[in-house]
Amino acid sequence: MRKVTLFIAMSLDGYIADEKGGVDWLAGQDPAAGDGDGYSRFVEGIDTVIMGWNTYHQVVTELSPDAWVYEGLESYILTHRDLPPQKGITFTGEAPEQLLERLQARPGKGIWICGGAQVVRQLMEADLIDEYVISVIPVLLGGGVRLFEGGFSPRPLRLVGSRSENGIMELVYEKR
């Protein structure tokens with residue numbers, strides 16, 4: 001079965017976006033130093049990306065309005081909007097759990113859960129995330145969109161890897 005990985009960055013105090021939804025704080029302690037090749041290594045092992053509407057909208061309107069940054073990956077956008085598919089992008093109103101179970105039944109590489117918090121929560125509650133790769137950015141935001149909002153049942157994890165570069169700590173956990 002295809003591995004499902006949450007690969008995401010958060011502030012030291014647990015936010016994936018600031019209070020206005022911004023992510024311009026996603027850099028290491030020395031912006032000129034770069035942030036290593038963790039993303040490049042990760043993306044080699046996946047061929048499918050799943051995200052919610054808010055994440056998609058931010059990517060295409062703010063972060064990369066001129067080019068789809070997930071070119072070459074099969075992309076699924078969870079939304080209730082009735083939008084026609086684009087090259088490599090499928091918009092779907094399917095429940096995240098159903099979409100993921102359908103995709104896992106097909107052959108392929110790993111599946112990346114890209115965001116946002118609501119999608120992560122639904123898949124986490126259904127116990128469908130196999131691996132959590134979380135990059136902790138050296139910043140305290142004090143508010144915003146939390147990656148893990150309370151109210152879910154405990155999820156025991158096992159730390160299987162970690163690395164640090166430019167003040168960013170990447171933590172890799174698997175289900176136990």
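- Pairing each heavy atom of E44 with each of K109, the nearest pair is O-NZ, 3.0 Å.
- With a 4.5 Å cut-off on side-chain heavy atoms, L6 and V133 do not count as touching.
- Put simply, the side chain of K175 gets close to the backbone of D127: a donor and an acceptor are under 3.5 Å apart.
- Using a 4.5 Å heavy-atom cutoff, the side chains of T5 and I46 are not in contact.
- Tested against D18, the residues V23, V145, D24 include a single side chain to side chain contact (heavy atoms under 4.5 Å, CB included) partner, D24.
- Residues I111 and Q104 have side chains in contact (heavy-atom distance under 4.5 Å, counting atoms from C-beta outward).
- Annotation for V49 and C114: closest pair CG2-CB, 3.6 Å, computed over non-hydrogen atoms.
- Remark: I134 CD1 to L157 CG distance equals 8.0 Å, nearest 0.5 Å.
- To the nearest 0.5 Å, atoms CD (Q118) and CD (Q122) are separated by 7.0 Å.
- Connection of L103 to I129 is established within a shared hydrophobic cluster, with ILVMFWY side chains joined at heavy-atom distances below 4.5 Å, either directly or through further cluster members.
- Between G28 and P138, the shortest heavy-atom contact is C-CG, 4.2 Å.
- Between V139 and S11, the closest heavy-atom pair is O-CB, 3.4 Å.
- Note: F7 and Y132 fail the aromatic proximity criterion, with ring centroids not under 6.0 Å apart.
- Atom-to-atom distance recorded for L12:CG and M10:CE is 7.5 Å, nearest 0.5 angstrom.
- A salt bridge is absent between R158 and E174: the closest approach of a Lys/Arg side-chain nitrogen to an acidic carboxylate oxygen does not fall below 4.0 angstrom.
- To the nearest 0.5 Å, the span separating CG on L140 from OH on Y15 amounts to 10.0 Å.
- We find that R2 and D47 are joined by a salt bridge, their nearest charged nitrogen and carboxylate oxygen being less than 4.0 Å apart.
- Here the closest heavy-atom approach between residue G21 and residue Q58 is recorded as O-NE2, 2.6 Å.
- For the atom pair CD (E62) and NE2 (H57), the distance works out to 8.0 Å, reported to the nearest 0.5 Å.
- The shortest distance between side-chain heavy atoms of F148 and V120 falls below 4.5 Å.
- R146 contributes no side-chain N or O that, together with a main-chain N or O of I16, makes up a donor-acceptor pair within less than 3.5 Å.
- Taking a cutoff of 4.0 Å between a charged side-chain nitrogen and a carboxylate oxygen, E131 and K3 qualify as a salt bridge.
- Each of I168 and L159 belongs to its own hydrophobic cluster when Ile, Leu, Val, Met, Phe, Trp and Tyr are linked at side-chain heavy-atom distances under 4.5 angstrom.
- Ring geometry for Y70 against W112 counts as perpendicular: the plane angle is over 60°, on a 0 to 90° scale with 30° as the lower cut.
- Both L63 and V43 belong to a common hydrophobic cluster when Ile, Leu, Val, Met, Phe, Trp and Tyr are linked at side-chain heavy-atom distances under 4.5 angstrom.
- One hydrophobic cluster, built from ILVMFWY side chains closer than 4.5 Å, cannot hold both I8 and V69; they sit in different ones.
- For the atom pair CG of L123 and CD1 of I50, the computed distance is 6.5 Å after rounding to the nearest 0.5 Å.
- Of all heavy-atom pairs between L147 and A117, the closest is O-CB, 4.2 Å.
- Remark: side-chain polar atoms of N166 are paired, donor with acceptor, to backbone N or O of D30 under 3.5 angstrom.
- Residues Y76 and E94 are not in side-chain contact: their nearest non-hydrogen atoms beyond the backbone lie 4.5 Å or more apart.
- Considering only heavy atoms from C-beta on, L78 comes within 4.5 Å of L99 through its side chain.
- Side-chain contact between V119 and M51 is absent, with no heavy atoms from C-beta onward closer than 4.5 Å.
- Under 4.0 Å is where a charged nitrogen must lie from a carboxylate oxygen, and between K87 and E71 at least one such pair does.
- A 6.0 Å sphere centred on CD of E125 holds more than 12 heavy atoms belonging to other residues, nucleotides or ligands.
- Counting heavy atoms from C-beta on, the side chains of L73 and T48 never come closer than 4.5 Å.
- Both F42 and V59 sit in one connected hydrophobic cluster of ILVMFWY residues. Membership requires side-chain heavy atoms under 4.5 Å apart, directly or through other members.
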Fill in: From CA spacing to verdict: side-chain contact (heavy atoms from CB on, under 4.5 Å), H80, W53
CA-CA 9 Å; H80 295 292; W53 170 261; over 6 Å; no
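- No donor-acceptor distance shorter than 3.5 angstrom exists from the side chain of S162 to the backbone of E170, with no hydrogens or angles considered.
- Here the side chain of S64 pairs no donor or acceptor atom with the backbone of V60 at under 3.5 angstrom.
- For W68 and Y56, the ring centers are positioned less than 6.0 Å apart.
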